[in-house]
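Presented below is the structure to which this report refers.
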Protein chains: 2
Amino acid sequence: MQLRRTDILDAARELIDADGLDEFSARKLAAALKVTPGDLQWHFPDRQSLLEALAEDLMAGVGEPPPAGPWDRRLITLAHRLRRALLGLRDGARLLSGTFVTEPNTLRAARTGTRVLIEAGLPPDQAAWTVLAITHYIVGHVIEEQSVRPKLPADLSGVDDLNRELAATVTADPARRFEFGLGLLIDGIRRLF
Amino acid sequence: MQLRRTDILDAARELIDADGLDEFSARKLAAALKVTPGDLQWHFPDRQSLLEALAEDLMAGVGEPPPAGPWDRRLITLAHRLRRALLGLRDGARLLSGTFVTEPNTLRAARTGTRVLIEAGLPPDQAAWTVLAITHYIVGHVIEEQSVRPKLPADLSGVDDLNRELAATVTADPARRFEFGLGLLIDGIRRLF
DNA sequence: ACCTGAACACCGTTCAAGT
DNA sequence: ACCTGAACACCGTTCAAGT
């Protein structure tokens, strides 16, 4: 049976979802595919290119033009898509942040967001800067979301109010936290018009 | 000569600054210190704990209370400090994002930011959520700043306007880009009052 | 064009033994 | 308390050889 590119990527996703990015190795992947490490090398010249392919796949669809409507709704749609995409694979945000923005799907997402803001009337440079800022927020957020949280001490007595508040924040529903920070950015963008 | 903790961390920083986080290994560090790998293990039980110590050191001073003044100025001061701290070591943002927020210096920075907003009149939960959002933006931004940029094609003919705009954005002075995105967030926070 | 076998130059971590 | 020597169980990558 011929080893196809998508089979390799599927198996890689399975391993990463199971054990995390740090546990992932090309040799384990080869073993899972019942194939020699050398064979894997033939399909992907090195480990990095395999991870980049994975990141690119993750971004598929994110850059589809969002439905017509007000710019803020369209931007929020894009932001949610990017977050969902990153959450689609264990350690997805860390994976993406280790690759470059020049891959087609990643670039397309940035283009789509920029176009939304240009169409809304923002000058092109401000539009591009804004999209980059939102992207950084999302990547930073999801990296934290996906990082293993240390067990918070069940007993919070002896901890002061501020620490308790911060603990509550980090433990809070990440989707709502995401929404809150995104809202700050959107409100900030509003003042650019 | 006794091997001290700070010597180990200094040598580690030197190696990371020289070759990047991916090239860094405990064995190279041991060699640089003219010491056995096993000896290093005695001082830091595992590689991860060494990296965490490094991240903690990076955050030293960030959480000092900023000079009195309007909340936005104080928050901007903290934001710049965090960015400078992360830029203080090659791959510093990636390093920090691989550790937890519970280390004293990291926690202190979050506490200080939260307190600034509470003192300005924000409810504690909103203050904490806001600080987390800014932190995510900064970490995401500096990760991109510190990632090796692929050589942009010198010849941009044949590339459309949008790509050219995005290329210009990524190539632009990162300090100004940082300021722009931070400004969006600050303006968003303004509307919370 | 695809895959194997075998090697090379590395890793992090453990652990008995020394001082 | 600190450090060495030596090993264990891994890595990514290369490359001649097979089909």
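Given the structure is predicted, the values throughout are model-derived calculations rather than measurements. Just so it is clear: chains get the letters A, B, ... in the order the sequence lines come, proteins before strands, and each one is counted from 1.
- When the P atom of dC2(C) is taken as reference, atom CD1 of Ile8(A) falls 11 Å away, rounded to whole Å.
- Nearest to the side chain of Thr36(B), among dT13(D), dC2(D), dG5(D), sits dG5(D).
- Atom CZ in Phe24(A) sits about 8 Å away from atom P in dG12(D), given to the nearest Å.
- Of the nucleotides present, dC8(D) is the one that pairs with dG12(C) by Watson-Crick or G-U wobble criteria, both distances under 3.5 Å.
- If you take CG of Asp22(B) and P of dC10(C), they are 17 Å apart, rounded to a whole angstrom.
- dC15(D) and dC3(C): their C1' atoms are spaced 13 Å apart (whole Å).
- Following rounding to the nearest Å, Arg4(A) (CZ) and dC2(C) (P) show an atom-to-atom distance of 13 Å.
- At a cut-off of 3.5 Å, with distance as the only test, a side-chain donor of Glu56(B) or Thr106(B) sits close to an acceptor on the other residue.
- Side chains of Ile134(A) and Leu78(A) form no contact here, defined as non-hydrogen atoms less than 4.5 Å apart.
- At a threshold of 4.0 Å, the pair Asp19(B)-Lys28(B) does not count as salt-bridged, since none of the basic side-chain nitrogens sits closer than that to a carboxylate oxygen.
- Nucleotide dG12(C) holds its P atom 6 Å from the CZ atom of Arg47(B), rounded to whole Å.
- Rounded to whole Å, the C1' atom of dA1(C) lies 15 Å from the corresponding atom of dA17(D).
- Note: CG (Leu33(B)) to P (dC3(D)) measures 10 Å, nearest angstrom.
- Taking the nucleotide of DNA chain D with the nearest heavy atom to each of Asp39(A) and Glu23(A), the more 5' of the two is matched to Glu23(A).
- Contact check on Glu119(B) versus Arg74(B) returns a salt bridge, with a Lys/Arg side-chain nitrogen under 4.0 Å from an Asp/Glu carboxylate oxygen.
- Taking side-chain N and O atoms only, Gln41(B) has no distance below 4.0 Å to OP1 or OP2 of dG12(C).
- Ser25(A) has a side-chain polar atom (N or O) that falls below the 4.0 Å cut-off from OP1 or OP2 of dC11(D).
- In this structure, CG of Leu51(B) is placed 10 Å from P of dG12(C), rounded to the nearest angstrom.
- Between dC3(D) and His43(B), a contact under 4.0 Å exists linking OP1 or OP2 to a side-chain N or O.
- Using a 4.0 Å cut-off between charged side-chain N and carboxylate O, Glu145(A) and Arg83(A) make a salt bridge.
- Within the 4.0 angstrom heavy-atom criterion, base atoms lie near Arg27(A).
- Taking atom CZ on Arg5(B) and atom C1' on dA1(D), their separation rounds to 17 Å, with Å as the unit.
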